[in-house]
Amino acid sequence: MAEKLSKDEELRQWFSISAKDLWIAEHLYTTLHPTPDEMICFLCQQSVEKSLKGFLCFNDIEFDRTHDLPQLLAKCIALNSDFKDYAKHCAFLSKYAVMPRYPNDLQINDDEVNVAIRFAEKIKDFALSKVILPPF
């Protein structure tokens with residue numbers, strides 16, 4: 001059984017994983033042709049999920065094990081109303097939490113991929129700007 005992480009380590013890991021998810025999404029987008037659009041959008045959703053959970057962790061707010069971005073965002077808004085500016089971003093990205101991992105008829109075009117990457121980057125940067133990461 002794994003040891004429970006310290007709050008500092010958990011916080012670092014939330015934002016580290018968020019950054020890695022987004023980095024991988026951007027890397028796939030720029031290096032693979034044709035691009036794996038479903039996977040890129042899934043990674044963008046995952047990056048945002050980890051960023052929001054990192055912000056909640058920083059503020060000692062418990063959250064469910066969920067991929068529901070609007071639910072996580074509502075908890076963030078309760079702490080900092082500026083998060084409300086990202087409601088449409090989270091709603092857009094939410095559909096990529098599960099659908100790309102199962103057979104479906106999800107049609108994603110290049111514009112949507114660009115939007116997913118841009119939205120994920122904005123939310124990651126904003127959430128990160130609202131926390132103080134502990135030193136390594």
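Both backbone and side-chain heavy atoms feed into the values below; hydrogens, waters and symmetry mates do not.
Here the CD1-NZ distance, from I61 to K53, works out to 15.0 Å after rounding to the nearest 0.5 Å. Here CG of L56 is found 6.5 Å from CG of L79. Values are rounded to the nearest 0.5 Å. Distance check, rounded to the nearest 0.5 Å: OG of S94 to CG of L69 gives 4.0 Å. Separating the CD atom in E49 from the CG atom in L73 is a distance of 12.5 Å, to the nearest 0.5 Å. For the atom pair Q46 CD and I17 CD1, the distance stands at 10.0 Å (nearest 0.5 Å). Distance check: C44 SG to L93 CG gives 6.5 Å after rounding to the nearest 0.5 Å.
In this structure the side chain of L133 never reaches within 4.5 angstrom of the side chain of F58, judged on heavy atoms. Side-chain contact check for I77 versus D82: every heavy-atom pair is 4.5 Å or farther apart. Using a 4.5 Å heavy-atom threshold, the side chains of Y96 and V48 count as separate. Counting heavy atoms from C-beta outward, K50 and K124 have side chains that stay 4.5 Å or more apart. Taking the side chain as every heavy atom from C-beta outward, E112 and N109 approach each other to under 4.5 Å. C41 has its side chain within reach of V113: a pair of non-hydrogen atoms, C-beta onward, lies under 4.5 Å apart. With contacts defined as side-chain heavy-atom distances shorter than 4.5 Å, the pair F83/L52 qualifies.
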Check your understanding: Which is it for Y29 and N114 under the side-chain hydrogen bond (donor to acceptor under 3.5 Å, both in side chains) test, yes or no, and what are the steps along the way?
Key -> CA-CA 9 Å; Y29 185 68; N114 279 310; 3.1 Å; yes

Check your understanding: Between D8 and S6, does a side-chain hydrogen bond (donor to acceptor under 3.5 Å, both in side chains) hold up when you go through it step by step?
Key -> CA-CA 5 Å; D8 286 354; S6 70; 5.5 Å; no

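Between the side chain of Q45 and the main chain of H67, a donor-acceptor pair closer than 3.5 Å is present. In terms of modelled atom types and a separation under 3.5 Å, the side chain of N80 and the main chain of C76 share no donor-acceptor contact. With hydrogens and angles disregarded, a donor-acceptor distance shorter than 3.5 Å links the side chain of T30 to the backbone of H27.
Relative to the six-membered ring of Y86, K88 misses at least one condition, a distance below 6.0 Å or an angle of at most 45° to the axis.
No path of Ile, Leu, Val, Met, Phe, Trp and Tyr side chains, each step under 4.5 Å between heavy atoms, connects F63 with L5, placing them in separate hydrophobic clusters.
Residue pairs satisfying the salt bridge (Lys or Arg N to Asp or Glu O under 4.0 Å) criterion with at least one member in residues 55-77, sequence neighbours excluded, are listed as follows: K7-D60. Among pairs with a residue in residues 12-21, those fulfilling side-chain hydrogen bond (donor to acceptor under 3.5 Å, both in side chains) read E9-R12, E9-Q13, E10-W14, S18-S47, S18-S51, at least two apart in sequence or across chains.
Taking the side chain to side chain contact (heavy atoms under 4.5 Å, CB included) definition, one finds that I24 meets it with L28, L43, sequence neighbours left out.
Checked against the 6.0 Å centroid criterion, the rings of F126 and F55 do not qualify as a close aromatic pair.
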